[in-house]
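We name chains A, B, ... by the order of the sequence lines, and we start the count at 1 in each one. Please read all numbers here as calculations on a predicted model, not as lab measurements.
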Amino acid sequence: MRFSLLSIGAALGLFAFVSATRAGDPQQRKFTWHHSYQAALAEAKQTGRPIFLEFRCAP
Amino acid sequence: MSHYVLARVTTLTGIDIALFDFDRHNALYYFILNAEEHIYLRYGGRDAASAMTYLNLDSLELALRQGLEQHALYEAGQLPQPAKPEPLYPKDIRSLNEAVIKRGHCVECHLVGDYRVTEREAAGTLNKLTDMFVYPDIRTLGIALDVPKGLRVAEANRHAGEAGMKAGDVITAFNGHAVITFGDLQYRLQQVPRTASSVGLTISRDGETHSIEITLPSQWWVTDLTHRYWTVDPLVFFKAVPLTAEAKTELKLPANGFASEVTEVDIDALLEGAHDLEEGDWIVSVNGEQEDSLTQDVITHIKLRHRAGDELKLGVIRAQQEIILPLKTKRQRFRKRE
């Protein structure tokens, strides 16, 4: 698959920007990302928070 | 973002691909869901022109807010709870399991789509003329979105306009399913049977809810395939663009034909002995055919009408002379298959 590195980079950059500047976090705090879907489910069950799940097909 | 549990998945191994069903030709795709795996919304989707057409800073922020609103409604018991699909895992696709999972390779998104297609090809159930056109373009219906504002309509013309849709409307449901984002809308359009003649939408306008029915145009599901690559596609080792209407007229070629100009020749054409095309050649026929009701692009025509590995005869105009050149196509191999 010839995914565009530029497109992926742009999308990830977009997301990082939202994370840092639009979610009330001017200090660009780093968020913790689970790399296990099951671990995310477990935390969601424990905390009652919804899950923001990213599928990322790295080239 | 602190209101969410964040998860990034880079391999589909172990993922329920029936639940997380999306266009596998997206490098990025997002879901917002809860701990019971109730999906509130999707965020993603693209067109042939760009992976970023429907990804936008404002629409992402809007989707994040709407996800929290949906979560609050769910917690209050105010959301319907549709049944989950029967689970399906990548290991359930036999050829994918053998060639990728058992060898310890990453199950990339596009591989899931590709192995399912190749299994259907092997079983003789693949109809390329319809099955390769996945995730149709909403613009074919005449709907253009104001992308930063989610499902707010920027322009409604053709079939959508005739059905009564107007600029400023917000689409809230499609064929009875609530839709919040472009990803939701495109997913629901993909579910429509290709034989359907109309679709029903609910729209919000000035605080009021309206139902409209859009009559689907002929071959509404036909889309630009130039950004999609499949194992079943014949590799042709060149790039081309359709000839202009003026050039077709001058050459007395069919106006709706797929005559195209070669713009680039891959080096592999020489290494594979695939063809002797040159940049600037005009391909005017393939095995004597000049028209295709589904496309005006010669490479898409070859993808749809021929099998990977076929040997074809191209009618080519070079230096004002028409010649016949052979084309040996090849089967695509993705790097994780070997």
Side-chain angles (χ1 to χ4, degrees), chain A, chain B residues 1-12 14-16 20 22 24-40 43-44 46 50-52 55-58 60-61 63-64 67-68 70-72 74-75 106-111 113-114 227-230 332 334-335:
Chain A
M1 182 57 52
R2 302 169 197 177
F3 289 127
S4 160
L5 284 171
L6 187 62
S7 296
I8 295 171
L12 289 174
L14 178 153
F15 180 75
F17 183 78
V18 168
S19 301
T21 66
R22 294 208 170 186
D25 190 2
Q27 301 303 313
Q28 299 202 1
R29 180 183 63 191
K30 286 192 175 179
F31 294 102
T32 302
W33 286 79
H34 289 285
H35 294 281
S36 156
Y37 173 61
Q38 295 303 328
L41 271 183
E43 186 184 338
K45 281 178 184 167
Q46 189 179 27
T47 63
R49 284 183 288 155
I51 301 168
F52 184 64
L53 175 62
E54 175 187 273
F55 287 98
R56 177 183 175 184
C57 190
Chain B
M1 294 300 296
S2 60
H3 297 290
Y4 283 97
V5 175
L6 306 177
R8 176 172 293 142
V9 170
T10 56
T11 175
L12 293 182
I15 295 292
D16 181 352
F20 296 110
F22 60 96
R24 307 299 179 189
H25 285 153
N26 281 267
L28 283 170
Y29 207 92
Y30 300 92
F31 289 83
I32 292 179
L33 67 156
N34 67 16
E36 282 75 47
E37 297 187 308
H38 177 103
I39 294 172
Y40 297 136
Y43 184 80
R46 60 166 298 166
S50 168
M52 295 299 289
L55 299 184
N56 172 275
L57 198 60
D58 293 306
L60 175 58
E61 185 179 22
L64 289 167
L68 293 176
Q70 292 294 302
H71 188 57
Y74 183 91
E75 296 285 283
C106 171
V107 179
E108 298 174 11
C109 303
H110 72 99
L111 290 179
D114 198 60
H227 70 294
R228 299 188 184 277
Y229 300 92
W230 305 89
Q332 181 120 247
F334 292 115
R335 65 185 188 276

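Taken from CZ in A:F31 to CE in B:M1, the straight-line distance is 6.0 Å, to the nearest 0.5 Å. Distance check: A:K45 NZ to B:N34 CG gives 10.0 Å after rounding to the nearest 0.5 Å. How far CD1 of B:I32 is from CD1 of A:I51: 11.0 Å, rounded to the nearest 0.5 Å.
Between A:F52 and B:Y30, the ring planes are parallel. Angles under 30° get that label, and only those over 60° would be called perpendicular.
Each of B:Y43, B:F31, B:Y29 was checked for a ring pair (Phe, Tyr, Trp, His ring centres under 6.0 Å) with A:F55, and the lone residue meeting it is B:F31. Of the residues listed (B:I39, B:L6, B:V9), the one engaging A:L53 in a side chain to side chain contact (heavy atoms under 4.5 Å, CB included) is B:V9, and it is the only one.
The heavy-atom pair separating A:R49 from B:H71 by the smallest distance is C-NE2, 4.0 Å. Contact between B:Y40 and A:P50 at its shortest, heavy atoms only, is CE1-CB, 4.2 Å.
Per-residue counts of heavy-atom pairs under 4.5 Å with chain B were compared for A:Q38, A:Q46, A:H34, A:E43; the largest is that of A:H34.
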